[in-house]
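Just below is one structure, and these are the notes that go with it.
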There are 2 protein chains.
Amino acid sequence: MKNFQPIKQVKASDEVSNQLRHAIFEGRYLAGDKLPSERELIETFKVSRTVVREAIKALEARGLVLIKQGATGGAFVKELTFERLTNDCKDLFFLGKMSFDEICQARLSIEPIVAGLAAKHCTPEQAKLLIEANDNESNTLEYPETVMLRSRVHYLLADMCNNRFLTAIDKSLIQLVGTISSQFQPDTDKIHPPGMHNSIIDAVIAGDEAGAEKAMREHLLEFLLLLEGIESDYRNNKVD
Amino acid sequence: MKNFQPIKQVKASDEVSNQLRHAIFEGRYLAGDKLPSERELIETFKVSRTVVREAIKALEARGLVLIKQGATGGAFVKELTFERLTNDCKDLFFLGKMSFDEICQARLSIEPIVAGLAAKHCTPEQAKLLIEANDNESNTLEYPETVMLRSRVHYLLADMCNNRFLTAIDKSLIQLVGTISSQFQPDTDKIHPPGMHNSIIDAVIAGDEAGAEKAMREHLLEFLLLLEGIESDYRNNKVD
DNA sequence: AACTATTTGTTCGTATGTATG
DNA sequence: GCATACATACGAACAAATAGT
């Protein structure tokens, strides 16, 4: 006589939140669309404003909508990107569930594969973008605000692998390594000399899958070796 | 003269939510601990009950706490696991941001690496567990409720790779492929004959890294080939 | 510049449901 | 049954942000 309990003791705000979520999943609200206003939702669901607000707050916390205040405000459906995965990974890292070393090793495992796939699918337009990005790297040294451009080649390759899951994971790892390492090693740009992506790009443009994998692995090994100076405390512990 | 806007326009509920989140990250509240009750938080933060509730709701939506009501109720810190990553991946899949094919291909890329790492770190105890799980697979055919045990070898290997990030991603992929494929192909168990993991396990126990990678790749190719019968509509479209 | 309309953000008071002892 | 401690829910009111007139 067990396992009979559930009976549904659903919280109103969860029900509202779920219905809205499914509406988004069904495509009834597309990225950029505005959900009904609080007042409308109150009338539709016949619940209090508190319930509606908690429901929308939950959607916001899950990264599904963006709330804007004011006359043209409301809850707008967000374009889902890899940032959500990145945030989750950050949470796990800060909770001590993953070390920096593990993230680096994961990147070392996955990014060469991505580079190989990119070589497989490289189009002339993409090749052009890669070359451009690589040439611009030398210019970024004197513009601190463009430091992020240093990773542009990596992001481009991630986009070229033709697999959105791997793209998302790879971008998450790239960003994670970047943000974490720059927190206690602000001079990361110094150890990132221009021209180091040349061999990777050559292989990718040539469509040399194995070569791209190898070049990427070597590049990462070299780069990660330069990060060794970081205190081992930071590598395995939490940072804030 | 751009990029000057921020100035901090923090919402009270976000501020409360963030402070609680950081408290959890700092280890001031461990898994299982109860956060202060609503009343206490109201006094601590000097805000209204609504604000506190919205903040906690946001933490719940992010999967950080579990809310229970009643005399012993409250917001309890959850043990973070890979399930959160899995849920995010599911959201992305349902939103049409990833196809089933992409998930399968990602698994095909990552799981062999994981198997290789497992071979590298395999201990005698883990070898024992693997053999046990493999032997039990033949028994699961007549017990429908134990179908999940069929994936046990995969989960064990994921746990053995000594990299919690790869473990999380791999488990997410295993579970995703399982839940999605079983939705429109309930007979997945039929096409999963016992003994097919033998060569993988042999290589892992022998510590043969390259062999384990190869065996896993071949196993997955074989398995995924058997899923070809699935309507291509489902493979690229949304399911609910 | 001032006013207005719309929408979200915040507060308070009150009442109800649920689990424990 | 009852008291207690907690979350859940409602409704009214006011504050603040934003866009258009």
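Since this is a predicted model, take the numbers as computed values, not measurements. Protein chains get the first letters and strands the later ones, always in sequence-line order, with residue 1 at the start of each.
Residues A/Glu111 and A/Leu173 have side chains not in contact (no heavy-atom distance under 4.5 Å, counting atoms from C-beta outward). The side-chain heavy atoms of B/Arg107 and B/Val114, taken from C-beta on, include no pair separated by under 4.5 Å.
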| said: Working note: B/Asp14 + A/Lys57, criterion salt bridge (charged side-chain N to carboxylate O under 4.0 Å, His left out); need CA distance, chi angles, decisive distance, verdict. | reply: CA-CA 10 Å; B/Asp14 288 344; A/Lys57 210 56 183 169; 3.0 Å; yes
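If you take CG of A/Leu66 and C1' of D/dA17, they are 15 Å apart, rounded to a whole angstrom.
In this structure, A/Lys68 forms a cation-pi arrangement with A/Phe76, its terminal cationic atom sitting closer than 6.0 Å to the ring centre and no more than 45° off the ring axis.
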| task | At under 4.0 Å between heavy atoms, which parts of nucleotides 5-15 of chain C does protein reach? Answer with one letter per nucleotide, 5' to 3': B base, S sugar-phosphate only, - none. | result | BBBBBBBB---
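Just one of A/Ile169, A/Leu166, A/Asn163 meets the side-chain contact (heavy atoms from CB on, under 4.5 Å) condition when paired with B/Ser109; it is A/Leu166.
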